[in-house]
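Scroll down for the structure; my scribbles are underneath it.
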There are 10 protein chains.
Amino acid sequence: MLYQVEMVVKPPKEMDASTFDEIKSREKSYSQDLQRQGKWRHIWRIAGQYANISIFDVESHEELHNLLLALPLYPYMDITVTPLCRHPSSIHESDC
Amino acid sequence: MLYQVEMVVKPPKEMDASTFDEIKSREKSYSQDLQRQGKWRHIWRIAGQYANISIFDVESHEELHNLLLALPLYPYMDITVTPLCRHPSSIHESDC
Amino acid sequence: MLYQVEMVVKPPKEMDASTFDEIKSREKSYSQDLQRQGKWRHIWRIAGQYANISIFDVESHEELHNLLLALPLYPYMDITVTPLCRHPSSIHESDC
Amino acid sequence: MLYQVEMVVKPPKEMDASTFDEIKSREKSYSQDLQRQGKWRHIWRIAGQYANISIFDVESHEELHNLLLALPLYPYMDITVTPLCRHPSSIHESDC
Amino acid sequence: MLYQVEMVVKPPKEMDASTFDEIKSREKSYSQDLQRQGKWRHIWRIAGQYANISIFDVESHEELHNLLLALPLYPYMDITVTPLCRHPSSIHESDC
Amino acid sequence: MLYQVEMVVKPPKEMDASTFDEIKSREKSYSQDLQRQGKWRHIWRIAGQYANISIFDVESHEELHNLLLALPLYPYMDITVTPLCRHPSSIHESDC
Amino acid sequence: MLYQVEMVVKPPKEMDASTFDEIKSREKSYSQDLQRQGKWRHIWRIAGQYANISIFDVESHEELHNLLLALPLYPYMDITVTPLCRHPSSIHESDC
Amino acid sequence: MLYQVEMVVKPPKEMDASTFDEIKSREKSYSQDLQRQGKWRHIWRIAGQYANISIFDVESHEELHNLLLALPLYPYMDITVTPLCRHPSSIHESDC
Amino acid sequence: MLYQVEMVVKPPKEMDASTFDEIKSREKSYSQDLQRQGKWRHIWRIAGQYANISIFDVESHEELHNLLLALPLYPYMDITVTPLCRHPSSIHESDC
Amino acid sequence: MLYQVEMVVKPPKEMDASTFDEIKSREKSYSQDLQRQGKWRHIWRIAGQYANISIFDVESHEELHNLLLALPLYPYMDITVTPLCRHPSSIHESDC
């Protein structure tokens, strides 16, 4: 099942740069791991923003929730979830 | 270049059903034609809404503008455009 | 899978009362049929509003979308969909 | 009488993790106690959010107010209260 | 139990003045009848607006809902309901 | 002259509890003193919120402004002021 | 007592131009009459908008309400009222 | 040229009272100096708020910008600027 | 003096196409005439929208107001005006 | 390709003035360097605000994103990006 997830990062100003870099590095590994498993289908940067638009493909709301809560950057993100379904005009096998 | 486009349809209440069906049928052909050309990369229905989230891949703002204005449903849509770029964490060749 | 759905009805002012009553009567049958099937788990009126808060239990976004679009009052509703999952503090078997 | 209550938690960034864990643990006991008494009828997690949607069944606004203020997480929550009443289409005895 | 109810009237432009006057006249009688019964405790005009702020004192959400839906102007109103309870600083017997 | 005043309290997180308790205690005395003088006509708690809805009866905007600024909790409040006048449907002598 | 009043005009599209011109002409006379009486202290056009910002000086909320409701354009206006009082930094006798 | 300027002050909570009093005292002198020069035409307190509505009369956007940036309270203000022009209904010489 | 003006066109649905085309044609001539006079410095289409962002260079708010009100599409536009001034970092002679 | 970029600066209150001045000085050099390269076409101050409206002319969303992220003030800015394209009414060669 597909979900659009928009993630807006609010970096904590009081945190020292190296700690935050370490969190971002864990975030990247975690994201790429989920991409390899096919659960995190797409991720794009919103131009000019510290934010991304992603497409997740998971079994249930529960699985989505658990994946998102485990994001290393989760405490510093505003997250919006939009459930998606196949569009009758789509010709792409993968749009569902 | 990639753009996320969200289209929310507000069907005109005063229009008779067959006229609107004909517009929707032209919309579908038009959308599928652009999908075949690779310009309309993805289209998903937002669950419960008469609305879609789409990804376009075009040469310029100009091309995007012209494609959107030619949508048969354009006069009955609220449209939001978000420019996207490659995310440093993406492992997918096609995410750009 | 569970979804909270909020439906706000905007009755069409130009429609004659008996036509609208007939639509509302079909809406009621349709809703009660889905309640009997266990797909429409709860429905409450928001005090003072022509609006309800409902809990749906369906297999997929797709099924939810199709059920909602078939609502006789759908053309006259603003709909908000929120995907829900089991809360770790819940003691109720049925809260999932 | 029924109320929908939406609770969005804003964890205090400056608090050390063990103190916050202790508050969350008290919150869970408190919630489960009210669930057992039948006052906190339902609680669901909103997918992807540190937030829940709950249904309370209490005697009065006063009782609801006092229950909510006693939540251990209350100082870290944004709360929205919506009074609900029986929907004429409901077939469920318990939807009131 | 007390509720603040804010009512904003949107007069239907297409209705002839005498029909609307007749509705307003029924609204006034209805309101004064409920005031006499003690259910509609206060009603004030918001300065400069076709809107009022009212305090209702009723047995339940259900009773409030039924009273509001029976307002002759209900189809032309936006209504906001806020449940109120006794304030610990109040010295007035009647503030509850 | 009447004003509806809505006060939403945002308790300062960094303040120690006893200092804040002392401010709240002064707030209560101040409020009750104004209630006794008839200037603070009503005060109700909004259910579930650290907020109240009040009705003031004062000589002028100036007097209202000075009374509000002297609230011990004023630095921690968001305040909304709505000027009210007698409603033509009111039957209560005191609704003005 | 002073009030800032912002008036945004929404001309009715379906009305013929000469009827609307006649309403605007009555509006102008009415406004100038109140200006001469000193009740409508200032009126400025918001650049680029069919809207004005005005300062009224009247005895009470009631008087303001009655003056505004009698505006010939009142049915076609969105009105915002802000009560003003003397600023401690003002050196102008007339700023109160 | 005229501008309406609305200034909402957000006093810095962490600043000690005497430092802030000193800033406010400089603000007052600065404001009164500009009033004497005729550049700051009007200033009114918004009832119940730490905010004012002012009318400026300056040569250009540039001059307005420089005057506002030099406000001692500028770092603690949210400012809204609205360009005004003479209203065709105004009878006051000074409303332009 | 410079102003950014954003114009969003809401085409009247009930108007026949040829009448609206005639209005658009007059709008174009009018715009190009002002561009040639140097008063309408820039005009860009917002991608995907029936809307433009423009830069005007005029003598006063009054002149801007009169130019905008004379737009043939004015009755079908939502307009936002933002006064601009020279930025201290600009190296372009024409950015003022 | 053209983009309107609006940048609103939120100066960090806790930073000492000389550190912030140094950041602003680097911002100015960086901005002027991009202006000289023709990538940052226009920059205007919004009157009364610590904010600017700019026009960028770059090859791609990617290039825009990288230029904006490298702004020394980026961590202290809210940024809004609007893709622009040539307007059919424009007579200026440079409006594209």
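Proteins come first, then strands; the chains are lettered A, B, ... in the order of their sequence lines, and each starts at number 1. Excluded from the calculations below are hydrogen atoms, water molecules and symmetry mates; all remaining heavy atoms, backbone and side chain alike, are included. This structure is a prediction, so every number in the text was calculated from the model and none was measured.
- Heavy atoms of D:L64 lying under 4.5 Å from chain E are absent altogether.
- A 4.5 Å side-chain heavy-atom check between E:V81 and D:P83 finds at least one atom pair inside the cut-off.
- With rounding to the nearest 0.5 Å, the separation of CG in D:L67 from CG in D:L34 is 5.5 Å.
- For E:L84, the part lying near chain D is the backbone, with the side chain staying farther off; criterion is any non-hydrogen pair under 4.5 Å.
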Taking donor and acceptor roles from the modelled atom types, list the N and O pairs under 3.5 Å across chain E and chain D.
residue : atom : partner : partner atom : Å
E:L2    : O    : D:H61   : NE2          : 3.1
E:H61   : NE2  : D:L2    : O            : 3.1
E:E62   : OE1  : D:R86   : N            : 3.3
E:R86   : N    : D:E62   : OE1          : 3.3

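- When side chains are defined from C-beta on, D:I79 counts as touching D:L71, because their heavy atoms get closer than 4.5 Å.
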